[in-house]
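Quick note on labels: first sequence line is chain A, next is B, and so on, each numbered from 1. Everything numeric here is computed off the predicted structure, so don't read it as measured data. These values consider heavy atoms only, across backbone and side chains, with no hydrogens, waters or symmetry-generated copies.
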Amino acid sequence: MHDLELLNKEQQEAVLHTEGPLLILAGAGSGKTRVLTYRIAHLIEECEVYPWNILAITFTNKAAGEMRERVDRIVGQGAESIWVSTFHSTCVRILHRHIDRLGYDQKFTIYDTEDQKTVLKDVCRRLQIDTKLYKERTLLNVISHAKNEYISPVEYQSSVRGDFRQEKMAEVYLEYQKELKKNNALDFDDLLVKTVELFESCPDVLERYQDRFRYIMVDEYQDTNTVQFKLVSILAGKYQNLCVVGDDDQSIYRFRGANIENILNFEKVFPNTRVIKLEQNYRSTQNILDAANGVIQNNISRKEKALWTDNERGEPVVFKLLQSAYEEAEYVTGDIRKKLNSGAAYRDFAVLYRTNYQSRTFEEKFLMANIPYKIVGGVNFYSRKEIKDILAYLKTIDNGKDDLAIHRIINVPKRGIGAVTINKVQAFAESREISFFEALESVGEIPGIGKALLKIQPFVNLIHEWRLRLGELTLEKLINEILERTGYAGDLEAEGTDEAQARLDNIGELISKAVTYEKEAEHPVLGEFLEEVALVADIDSVADSDDRVLLMTLHSAKGLEFPYVYLAGMEDGIFPSYMSIAADDPLEEIEEERRLCYVGITRAMKELTMTAARIRMIRGENHYNNVSRFVREVPKELLGNRTYVPDAPKAQEPPRSSAYARAKEAFRTKTFDPKQFKVVKADRLDYGVGDRVSHIKFGEGTVLDVTEGGRDYEVKVEFDRAGVKKMFASFAKLKKIESL
DNA sequence: CCTACTACGCTTTTT
DNA sequence: GCGTAGTAGG
């Protein structure tokens with residue numbers, strides 16, 4: 001066996017403990033991926049376990065790919081028959097074979113968030129639900145949450161009897177689910193739910209997979225939700241060889257249903273669990289680690305642990321407060337340049353932020369400074385309009401039941417099939433209880449269809465033709481034919497704009513992805529390609545080989561490491577986000593934000609820089625935020641002297657330049673109207689986001705937001721008794737009672 | 001049936 | 001500030 005000597009005592013223990021439940025509490029940078037790969041190698045080579053009896057589950061395809069690669073390197077033979085994949089792709093693979101047992105067609109489609117919204121809108125219209133009263137977003141959250149907790153529409157309905165609002169939402173959930181089934185579609189959450197359903201209702205199928213996956217390993221276990229837990233525990237039910245690796249301090253997906261109880265209660269659910277803690281960090285300097293510990297120890301609900309390292313103390317952590325987001329980006333760019341000059345490579349840097357929109361300023365600066373970068377996240381490649389259009393064609397050719405896909409392309413490019421015609425077809429389909437596409441196929445029988453027949457017929461014929469020729473056409477040829485014969489490419493070319501060209505380029509990229517797929521797959525089929533494409537996250541496309549600075553959200557950065565890390569936008573209201581400050585349970589939400597901060601800090605190997613901006617433009621308005629409480633939680637002695645942290649934020653005298661800069665900023669972004677200056681605008685406020693203030697009428701409250709209005713500061717306060725109020729600072733005469 | 005304009009609402013984080 | 005949804009006019 002390969003040198004177990006390379007592992008420390010705890011790591012070795014984890015590798016050697018192969019039988020029975022095992023919980024590995026692995027701190028950041030403690031070498032858990034290494035343990036997992038060695039463990040797999042050990043199982044195969046020393047314990048005579050067949051490779052196909054091993055299932056390793058990760059969260060992203062990228063992580064799966066990396067693990068596979070590392071396993072390949074140390075396992076001589078049979079590595080390819082180990083299942084290393086994400087929860088979602090594991091489920092897709094299983095469902096693909098057995099979903100007919102649940103009454104679905106095996107050629108199901110996967111709906112992304114946009115598709116979900118379309119269905120939901122439709123459902124709301126049919127149920128005559130006012131989408132102003134029931135926000136689309138809320139409804140989707142409710143549905144997703146129910147699914148994550150493995151609550152069916154019927155169960156949900158009976159659990160909320162008596163609450164009118166929730167009853168309504170239950171109705172939506174029920175109807176939404178019906179619609180999905182009708183379209184032979186599953187959303188992301190369904191992939192997990194349906195797999196568990198399958199196992200619960202078909203013991204024979206379950207046993208087959210239990211026997212197949214005798215050894216199961218789950219990475220990033222702290223981010224599993226209830227269904228995922230159910231899935232894993234049901235699969236491991238027979239042999240009990242379940243090894244999970246996680247770190248409660250890095251649990252950052254509560255909003256998505258991740259259930260921290262899964263890790264905290266693991267030992268209760270699996271008696272005889274062996275618990276191993278990996279506490280030695282191999283990644284970061286002592287300073288970075290101390291900063292991380294300083295922050296995370298402010299969380300109350302966590303398992304106590306002590307990360308330590310043999311690494312050197314390293315450079316001090318840097319905090320830099322800048323005037324604006326613009327200057328923030330400029331500072332980071334300059335700092336990167338400096339380090340590049342002393343030998344660092346582009347790929348050594350990552351800029352991490354809380355929200356995707358923060359990437360824009362950095363992008364601009366990097367472009368100007370000629371620094372190659374890659375933005376991870378934001379709009380997923382596969383959610384771009386042109387890509388979704390082409391995919392909708394492919395879905396229609398592959399699965400005639402997906403009404404959504406057909407609706408999307410029936411008139412794209414323009415064929416003169418408008419809303420009136422579509423409604424007629426829809427009504428006809430509903431009256432006959434057939435799918436939309438089937439209705440199109442018998443367009444001749446639709447009453448009052450008129451001339452539209454001549455427009456629909458050729459479209460249907462085209463789809464039919466492609467279906468027939470599916471066997472002989474490669475994906476590349478098929479997509480090219482779609483582009484040519486529908487006029488899709490022609491339209492874009494005719495447009496001649498840069499944007500149209502970018503769209504064409506994107507489609508080109510889709511084609512090359514299709515080509516790669518066909519080259520790599522054993523038996524390439526359209527349906528499988530579509531499945532694969534549906535489950536791609538943006539982070540998956542990050543190759544270690546390209547030498548670029550990476551820009552991404554803190555969430556996307558989980559599991560990665562970089563020599564130089566910048567945490568940008570360290571401001572209360574940005575990070576922690578105002579949503580968490582204003583939440584019903586701010587304590588818990590802020591603890592989640594703090595874990596996110598911990599994840600961010602621990603990505604850094606050599607140097608960590610945190611930055612904040614005094615003034616930040618959000619949605620065209622200037623915001624004045626306090627320096628993030630997380631910065632203040634970093635022990636002072638760790639911060640270098642280039643650093644400036646205001647002690648009591650907003651209480652002290654502002655630097656002279658700031659009022660001027662602010663005026664300039666306001667002038668630059670707002671139309672200057674002298675009449676507006678009737679109210680005397682306070683030069684600056686002595687309170688900021690997160691501070692406690694009192695109001696003569698409303699009593700005490702917490703400041704949620706401070707916005708630059710034209711003539712005054714607009715302050716949003718959540719009062720303990722009076723609720724949330726927006727008011728002008730000069731009238732409100734708020735008094736600060738305590739700062740954070 | 002399509003296009004152009006206006007109003008509104010929205011932003012956490014993602015498989 | 002931006003994108004989308006809804007509406008009016010061609």
Side-chain angles (χ1 to χ4, degrees), chain A residues 57-64 85-92 110-114 116-118 121 125 131-132 135-138 140-141 144 147-148 186-192 220 223-225 227-228 251-258 352-360 376-380 382-383 385 411-423 450-452 455 531-540 552-558 569 573-583 589-590 592-593 595-597 599-600 617-623 669-670 705:
Chain A
I57 298 178
T58 59
F59 260 74
T60 62
N61 294 299
K62 180 176 158 67
S85 68
T86 64
F87 268 109
H88 294 267
S89 7
T90 305
C91 289
V92 168
I110 300 167
Y111 278 1
D112 65 13
T113 318
E114 196 193 316
Q116 287 180 285
K117 279 188 189 151
T118 314
K121 251 178 246 161
R125 199 159 29 84
T131 45
K132 290 222 166 59
K135 290 260 165 54
E136 203 174 79
R137 223 193 144 68
T138 321
L140 276 181
N141 274 338
S144 174
K147 288 182 177 180
N148 287 162
L186 303 181
D187 62 23
F188 284 133
D189 301 320
D190 277 341
L191 296 174
L192 298 153
E220 307 283 10
D223 286 324
T224 53
N225 59 36
V227 211
Q228 288 167 331
S251 163
I252 55 174
Y253 282 105
R254 207 174 71 115
F255 74 94
R256 201 170 81 185
L352 310 181
Y353 35 77
R354 178 68 238 268
T355 58
N356 277 305
Y357 72 81
Q358 288 169 262
S359 65
R360 240 188 64 187
V376 178
V379 192
N380 187 317
Y382 292 102
S383 355
K385 183 187 174 298
N411 201 30
V412 176
K414 300 256 165 353
R415 304 189 169 82
I417 304 172
V420 179
T421 310
I422 289 170
N423 283 338
K451 280 185 293 183
K455 293 166 178 161
E531 271 166 18
E532 212 166 273
V533 144
L535 297 175
V536 175
D538 207 35
I539 188 75
D540 299 336
M552 66 185 119
T553 62
L554 288 146
H555 283 90
S556 303
K558 190 178 72 164
I574 303 285
F575 187 34
S577 84
Y578 66 95
M579 294 290 278
S580 64
I581 298 173
E589 299 244 341
I590 286 178
E592 169 130 330
E593 299 273 312
R595 290 193 291 269
L596 193 55
C597 183
V599 168
M617 270 263 258
I618 302 166
R619 272 174 276 163
E621 287 175 318
N622 280 335
H623 287 246
T669 53
K670 305 252 175 206
D705 193 32

Separation of atom [atom1] in [X] from atom [atom2] in [N], rounded to whole Å:
{"X": "L596(A)", "N": "dT13(B)", "atom1": "CG", "atom2": "P", "value": "11 Å"}
{"X": "E592(A)", "N": "dT14(B)", "atom1": "CD", "atom2": "P", "value": "12 Å"}
{"X": "E136(A)", "N": "dT4(C)", "atom1": "CD", "atom2": "C1'", "value": "11 Å"}
{"X": "Y357(A)", "N": "dT12(B)", "atom1": "OH", "atom2": "P", "value": "10 Å"}
{"X": "R360(A)", "N": "dG3(C)", "atom1": "CZ", "atom2": "C1'", "value": "13 Å"}
{"X": "N148(A)", "N": "dT14(B)", "atom1": "CG", "atom2": "P", "value": "16 Å"}
{"X": "F59(A)", "N": "dT13(B)", "atom1": "CZ", "atom2": "P", "value": "18 Å"}
{"X": "E531(A)", "N": "dT15(B)", "atom1": "CD", "atom2": "P", "value": "18 Å"}

Which is it for H88(A) and L192(A) under the side-chain contact (heavy atoms from CB on, under 4.5 Å) test, yes or no, and what are the steps along the way? CA-CA 7 Å; H88(A) 294 267; L192(A) 298 153; 3.8 Å; yes

Quick one: is [X] getting a side-chain N or O under 4.0 Å of the [N] phosphate, OP1 or OP2?
{"X": "N356(A)", "N": "dT13(B)", "answer": "yes"}
{"X": "K121(A)", "N": "dA5(C)", "answer": "yes"}
{"X": "S556(A)", "N": "dT14(B)", "answer": "yes"}

Just to be sure I understand the rule, does [X] reach a base, reach only the sugar-phosphate, or reach nothing, if contact means heavy atoms closer than 4.0 Å?
{"X": "F87(A)", "result": "nothing"}
{"X": "N411(A)", "result": "sugar-phosphate"}
{"X": "S580(A)", "result": "nothing"}
{"X": "Y253(A)", "result": "sugar-phosphate"}
{"X": "K135(A)", "result": "sugar-phosphate"}

Would you call E592(A) and R595(A) a salt bridge, taking side-chain N to carboxylate O under 4.0 Å as the test?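 R595(A) and E592(A): salt-bridged.
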
For H623(A) together with Y578(A), are the ring centres under 6.0 Å from each other?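 Between Y578(A) and H623(A), the centre distance exceeds or equals 6.0 Å.
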
Please compare T553(A) and G416(A) by the position of their nearest nucleotide in DNA chain B and report the one closer to 5'.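 So the residue in question is G416(A).
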
DNA chain B: 5'-proximal contact among I618(A) and V420(A) (nearest heavy atom):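 It is V420(A), whose closest nucleotide lies nearer the 5' terminus.
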
Among the nucleotides [options], which one has an atom lying closest to any side-chain atom of [X]?
{"X": "K414(A)", "options": "dC1(B), dT3(B), dT13(B)", "value": "dT3(B)"}
{"X": "H88(A)", "options": "dT15(B), dT11(B), dC1(B)", "value": "dT15(B)"}
{"X": "H555(A)", "options": "dT12(B), dT14(B), dT11(B)", "value": "dT14(B)"}

Relative to each other, are the rings of H555(A) and Y253(A) parallel, tilted or perpendicular (30° and 60° limits)?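 Rings of H555(A) and Y253(A): tilted, 30 to 60°.
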
Compare the aromatic ring of F255(A) with the six-membered base ring of dT13(B) and state whether they stack according to the 5.5 Å and 30° rule.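 By the stated criterion, F255(A) and dT13(B) stack.
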
Measure the spacing between NZ of K558(A) and CE of M552(A) and express it to the nearest 0.5 Å.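 It is 13.0 Å, given to the nearest 0.5 Å.
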
Tell me whether D112(A) contacts the main-chain N or O of A534(A) through its side chain, where contact means a donor paired with an acceptor under 3.5 Å.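 Such a contact is absent between D112(A) side chain and A534(A) backbone.
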
